[in-house]
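Everything numeric here is computed off the predicted structure, so don't read it as measured data. We name chains A, B, ... by the order of the sequence lines, and we start the count at 1 in each one.
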Number of protein chains: 2
Amino acid sequence: MTYNHEKIWLSIDCLVFGYDVKDENLKLLLFERKVNPFAGSWSLIGGFVNVNEDICHSAERVLKTFTGLEDVFLEQLHTFGKTERDPGGRVVSILYWSLIKLDDIKKDIVNSHGARWFELDKLPNLILDHERMVNLGVSQLKKNAISSPIGFELLPEKFTIPQLLRLYEAIYNRSIDDRNFRKKILSTDILIRLNEKDKTNSKKGAYLYKFNEENYQRLKSEGYHLDIAIG
Amino acid sequence: MTYNHEKIWLSIDCLVFGYDVKDENLKLLLFERKVNPFAGSWSLIGGFVNVNEDICHSAERVLKTFTGLEDVFLEQLHTFGKTERDPGGRVVSILYWSLIKLDDIKKDIVNSHGARWFELDKLPNLILDHERMVNLGVSQLKKNAISSPIGFELLPEKFTIPQLLRLYEAIYNRSIDDRNFRKKILSTDILIRLNEKDKTNSKKGAYLYKFNEENYQRLKSEGYHLDIAIG
DNA sequence: ATATATAACCGTAAATTTAACGTTTAAATT
DNA sequence: AATTTAAACGTTAAATTTACGGTTATATAT
């Protein structure tokens, strides 16, 4: 016992955003809380930090436990520490967020673990300060989609420009001019066009692109800023 | 005991940045650590979170205790939680930062509490992961000075445009074109020109400005972005 | 008194970027 | 062969940014 001070419960909460290119909707993963207080209510996925565990590993563990997912985008957002935030005791909670490219496989994995996807504008009431956490996450999403091409975390490896556009429209909840968007995003040299087309949405087919990891990292470090025109 | 889980030491560390319009230098406040391990080494100011205390109040208390300062800009940055970050035990630390407008009074208050200001490029070795924390703070400073006019937190209530310019030059560590800077910052309607001049730096004197709090808040919420031209 | 020096301040033109919109293309369907 | 539709390409005016040059006010030196 090197330090002589009182200790505190430390927890992780995790905002899991998912995007499905098929139905073009942003979703949030929620879980039916099993422990009291508030057992049975909807909440973010979460759990306690163990003493012998890095907090980033706690977050990975929580995500894995509740969703089966691993090796996905997972980042710390903010720490919530009001004394009265949890009536069950003094718990300080570190909020993480994860961005998931939804496909049927991932949807199934998640469902089999008892969590459920909700559309962002159809969320149920949430326990504790979880609503504040959601708001923080949504505003971070908007902020990040401008200042770094974080949108890519939500799309499959190969995607079309129209798909990317519709993701941005879902994040900003408004329409965006497709011609200007295309020009802007292509001018960043962040996309690599493949010799493949996706024909699920049109007869002509849309070119598939992948993501230039190198240029992405460069832009990120140089402090890139993508302004998106209102359509 | 509502929850059955092990608890953890939770601490606050606080990056205190100061700027003095006289010597035009960005400074960081450091403290000679009193407790083992590493007693005698330089560290950020910090302390443990009490069970009955909001973490933001812990941060305020830590700042007050070490510097005598209160009612200053203080914001949470990030939580550091590697298991091996502190050889003294498992301590998860929440990093805050504070931005201070330095004047002689504040300098004295701080000195009398045993802390010391260091210029950013002349920092001593720091304990634990405090160097990482400093790096995070510096990059946040650059990021924030672009996306919100956070620079104002570091200037006195009345300041001149040349002073504001030199602060930005100190933050970005490069020269900025004064004519374009002036145009840009005035176009935001964030400054209110006073009928007073500051003549410490020139015979002509530079107009003093104050800060339009209302427009500042508006710009901040609208997601303002100040691009600064290289001179 | 007048000249000088200097920071503060003002202005402009070229280059670039943004915003708003029209047109063409490819391929499946009728 | 005509039609339809999403995808892709192109154009122009307006706004902004960049890179400068010139003017102003005033303390200090002559």
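- The side chain of A/Y207 lies closest to D/dA8 when the candidates are C/dC9, D/dA8, C/dA19.
- Among C/dA20, D/dA7, C/dA8, the nucleotide with an atom closest to any side-chain atom of A/K183 is C/dA20.
- Contact check for B/L164 versus B/Y209: no side-chain heavy atoms found under the 4.5 Å cut-off.
- Counted by atom type alone, B/D13 and B/S93 present one or more donor-acceptor pairs between their side chains at under 3.5 Å.
- Nearest to the side chain of A/N180, among C/dA19, C/dT18, D/dA7, sits C/dA19.
- A donor N or O paired with an acceptor N or O is not found under 3.5 Å between the base of D/dG10 and the side-chain atoms of A/R179.
- One atom, CG of A/L191, and another, C1' of D/dA8, lie 14 Å apart when rounded to the nearest Å.
- In this structure, CG of B/D198 is placed 18 Å from P of D/dA25, rounded to the nearest angstrom.
- OP1 or OP2 of C/dA8 has not a single side-chain nitrogen or oxygen of B/K197 nearer than 4.0 Å.
- Across all strands shown, D/dA1 is found opposite C/dT30 as a Watson-Crick or G-U wobble partner, with both distances under 3.5 Å.
- Not one side-chain nitrogen or oxygen of A/K204 sits closer than 4.0 Å to the OP1 or OP2 atom of C/dA28.
- Considering only the side chain of A/R182, D/dA8 comes nearest among D/dT24, D/dA8, D/dC20.
- The side chain of A/N201 approaches D/dA7 more closely than any other nucleotide in the set C/dA19, C/dA7, D/dA7.
- In this structure, CD1 of B/I185 is placed 15 Å from P of C/dC10, rounded to the nearest angstrom.
- When each of B/L99, B/V16, B/L63 is paired with B/V72, the side-chain contact (heavy atoms from CB on, under 4.5 Å) condition holds for B/L63 and for no other.
- Nearest-nucleotide positions on DNA chain C for A/K199 and B/S202 put B/S202 closer to the 5' end.
- Note on A/K184 versus A/D189: no salt bridge recorded, every NZ/NE/NH1/NH2 to OD/OE distance being 4.0 Å or above.
- The CZ-C1' distance, from B/F159 to C/dA8, rounds to 16 Å in whole Å.
- Contact of the B/L154 side chain with the B/L102 side chain is not registered, since no non-hydrogen atoms from C-beta on lie closer than 4.5 Å.
- Map B/L186 and A/D178 each onto its nearest nucleotide of DNA chain C; the residue landing nearer the 5' end is B/L186.
- Distances from the side chain of A/D177 to the nucleotides C/dC21, D/dC20, C/dA26 place C/dC21 closest.
- To the nearest angstrom, C1' of C/dA8 lies 17 Å from CD of B/E196.
- At D/dA7, none of the side-chain N or O atoms of A/K203 fall inside 4.0 Å of OP1 or OP2 (strictly under the cut-off).
- Look at NZ on B/K184: it is 19 Å from C1' on C/dC10, rounded to the nearest Å.
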